[in-house]
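Structure first, commentary second.
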Amino acid sequence: MDATNILPILKKRLAFLSGGKDRRSGLILTIPLCTEQTSMEELSSTLDYLLGIPSDKCKARGFTVIVDGRKSQWNIVKTVVLMLQNVIPAEVSLVCVVKPDEFWDKKVTHFCFWKEKDRLGFEVILVSANKLTRYIEPCQLTDEFGGSLVYDHIDWVNKRLVFEKFTKESTSLLDELVVINDSEKSSQLDKERPPDCNFLPSLDPETVLQTGHELLSELQQRRFNGAEGGGVAWSPMDDELLAQPQVMKLLDSLREQYTKYQEVCRQRSKRSQLEDIQTKVMQVVNWLEGPGTEQLRTQWGIGDSIRASQALQQKHEEIESQHSEWFAVYVELNQQIAALLSAGDEEDLVELKGLQQQLSDVCYRQASQLESRQNVLQSAHEFHGTAQDLSQQLDGLLGMLCADVAPADGAAIQQTLKHLEEKLKSVEGALVGLREKGQVLMDQMSNQTSWSYGKDVPIDNKDNVDHIQGVMEDMQLRKQRCEDMVDVRRLKMLQMVQLFKCEEDASQAVEWLGELLDALLKTHIRLGDDSQETKVLLEKHKKFVDVAQSTYDYGRQLLQATVVLCQSLRCSTRSSGDTLPRLNRVWKQFTVTTEERVHRLEMACSFHTAAEKVLVQASPDQGDLPVEVEQETYEEVETVGKALLDRLTVPVIFPDGSEQYFGSPGDMASSAEHIRDKMKLVEDRKLTLHEEDEEEEDTEQLQYQQLQYEQMHDQDEELHDDEELQDDQELHDEELQEVDNELQDGEELELENETDT
């Protein structure tokens, strides 16, 4: 039974020989039962196949069968144990049934096995997996039973297939080689009977030998079960199973018969070679001097285009392909003749040398014709290819020259102009290359000859030469026309460069004006600490405005130049774009901002002038008496100051409705604080002068009251004797007391004013 016949059953792993041995050196047969229903028929086939592998000597030692019933039912286990009696009753010495924990009824199972013990003929024991080592060493058990033996069932099946395939193929090949060798030996004894040269082995001996050597190497390294070094590993296809000796015996026999077969083949080849040389030599000579020469004689054109030259090349390649087949025959024949001549075991040496010389002359002459024709066609292909490339370059250059120039910017124009110059230079180089290739092609055609009837015959190539010269002249005229158009385009592009330069500078002017506006808003925020400084700031602001005005005028001039260049270039679709609106928008924003700046500076100048007038005229530090300041001056300081403070909080409103503040909020707060301080200083000065005026009025009033007091006192002395005036006297005393109180209050107020002063 072969493994291929039951390969699907073997892959199910219903039973296997792991390579382990029991303590009596008997083989261990494992039957792993699973939860699914096990087919007894398939299990029986598997056991029959496995028991056919060991030798009789191995079988005589007996088998130890491990029935793994941990995942199966008791009735299936019982059926398997009873089946062993029919399959291998004599070879089984011990059956170990691995039971599951707390499953089967111990009394029932023991009773059943005891009942069948005499009829079975072998001992059956129930054992748990962890106690199986009492009967078998751990190193002989696989890992599913807690052992260390390495076993790969799929690898074992694959190696078994290789072994059986090698055995089958090597046996069949040996029979065929023996028949072939015996047949050749008989033909040598009976020279009148021709040998059967068509009989060949059905298999490649080298392949079969290679398979056998690989199999033997694995057997010798004891790796048949998949073990990779380290640990104990026993192969079920070991010496005891006759695997290694059988493979070695087959290899020895196969090598012996293959050596004989190689000698037979060598003799066959030698005889066949001697018979074929004469026939093949004449075949080569007749074809080269006949159809081969006729094919070359009719092919002398070069075509009028690259497509035509490619077609001629393809036709020539077909001719070369046909010649190559005969040249290959020539090379083979030449080698065979040389080998026969060097061996010196042939009688017809003179005839062989004559054939060799004739064959060489014809082949070399024909090869020279082919090479010459190939060189001409290759040069023609290069010439037409260069002409086509040059024509395409001229068409591309002409297309560039005829197309409207609409580049994006000056850099693009420079790039386009550079690209145009490069294309023109490339055209010039291609034209020079075309002339060189045309001259090379004409030189090759002038040296080209044809061989006919053993003589060299010159070829008329006038039409081909005229075609080459006509192509070169046409390309020269087209190139000259393109050069003239390039000159015109170059001038136009230079004008466009100037146009884009003007547009670029105009855009730069807009950016500069924007930067000036930004600087005006962010840095021109001081209003001056006094009138003099404010006037200086006004002068600087005028210069700043003059710079901005010159920038704006410069941008306008550039845009006017752009319009003139567009008219010169007839570029009606191109204009200044959004540059002019941007320039006008920024200039309007700048104008509004500078007007606001001037207005604030003028208000600040008026404020400082009025404040300084108050502070200078009312200050007693000047050495003169203070000059009375008009009330209008105070009102002007207060009015202008408040207006200026309000102005600082108002943003600049541009014509488009957008707003922008001068500087940062901190800068504006600092300027406003300075103005408030000065306004407070003026207010304080105003209060001081007002208090001094009140003191003078109080002094005059006190003096007047004192005079009245004295007059009343005189009147009192004159009327003190008059009793009628007694009541008036008391009243007068009270009035005097009130006057005294008022005088004391006036003196205290004057003292406080002097202290404040």
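Owing to the predicted nature of the structure, the values given are computational and were not obtained by experimental measurement.
- Atom CD of E483 is surrounded by more than 12 heavy atoms from other residues, nucleotides or ligands within 6.0 Å.
- Counting only N and O atoms by type, the side chains of Y258 and Q262 include a donor and acceptor under 3.5 Å apart.
- A donor and an acceptor atom, one from each side chain of Q210 and E214, are located under 3.5 Å apart.
- Side-chain contact, Q660 with T593: no donor N or O sits under 3.5 Å from an acceptor N or O.
- Nearest heavy atom pair, residue I468 against residue G438, reads CG2-CA, 3.9 Å.
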Checklist entry - Passes salt bridge (Lys or Arg N to Asp or Glu O under 4.0 Å), R365 versus D361? Steps please. => result CA-CA 6 Å; R365 183 169 55 248; D361 292 343; over 6 Å; no
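- The shortest side-chain heavy-atom distance between F383 and I302 does not fall under the 4.5 Å cut-off.
- Judged purely by distance below 3.5 Å, without hydrogens or angles, the side chains of H419 and Q415 never pair a donor atom with an acceptor atom.
- How far CZ of F163 is from NZ of K159: 14.0 Å, rounded to the nearest 0.5 Å.
- V362 is not listed as a side-chain neighbour of V284, based on a closest heavy-atom distance of 4.5 Å or more.
- The salt bridge (charged side-chain N to carboxylate O under 4.0 Å, His left out) check on E421 picks up R490, with sequence neighbours excluded.
- Between Y552 and W587, the angle of the ring planes stays under 30°, which puts this pair in the parallel group of the 30/60° scheme.
- Considering only heavy atoms from C-beta on, S321 stays 4.5 Å or farther from E317 through its side chain.
- Residue D304 comes nearest to A308 through the heavy atom pair OD1-CB, 3.6 Å, listed as atom of the first residue, atom of the second, then distance.
- Listed here is the closest heavy atom pair of L441 and V376: CD1-O, 3.5 Å.
- Within the 4.5 Å cutoff, the side chain of P205 has no heavy atoms near those of the L254 side chain.
- Judged as a side-chain hydrogen bond (donor to acceptor under 3.5 Å, both in side chains), and not counting sequence neighbours, Q392 has no contacts.
- Taking the six-membered ring where the residue is Trp, H524 and F544 present tilted rings, their angle falling between 30° and 60°.
- Separation of atoms CD (Q439) and CG (L434) is listed at 11.5 Å; rounding is to 0.5 Å.
- Between S379 and M445 there is no side-chain heavy-atom pair separated by less than 4.5 Å.
- How far CG of L359 is from CE of M282: 10.0 Å, rounded to the nearest 0.5 Å.
- Closest approach of K479 to L394, counting heavy atoms only: CA-CD2, 3.9 Å.
- Here Q378 pairs with Q313, E382 under the side-chain hydrogen bond (donor to acceptor under 3.5 Å, both in side chains) rule; sequence neighbours left out.
- With sequence neighbours left out, the salt bridge (charged side-chain N to carboxylate O under 4.0 Å, His left out) criterion links D546 to no other residue.
- When all heavy atoms of N584 and R556 are compared, the closest pair comes out as OD1-NH1, 3.5 Å.
- Scanning both residues, T171 and T167, for their nearest heavy atoms gives OG1-O, 2.7 Å.
- No side-chain heavy atom of N375 sits less than 4.5 Å from a side-chain heavy atom of S372.
- Contact annotation: the side chain of H316 approaches that of L370 to within less than 4.5 Å [non-hydrogen atoms, C-beta and beyond].
- Residues passing the ring pair (Phe, Tyr, Trp, His ring centres under 6.0 Å) test with Y364: none are found, sequence neighbours excluded.
- Counting only heavy atoms from C-beta outward, the side chains of R373 and E320 never approach each other to under 4.5 Å.
- Donor-acceptor pairing under 3.5 Å is recorded for the side chains of Q549 and D553.
- Taking CD of Q393 as the start and NZ of K423 as the end, the distance is 6.5 Å to the nearest 0.5 Å.
- Under the rule for a side-chain hydrogen bond (donor to acceptor under 3.5 Å, both in side chains), the partners of R255 that lie at least two apart in sequence or sit in another chain are H213, D252.
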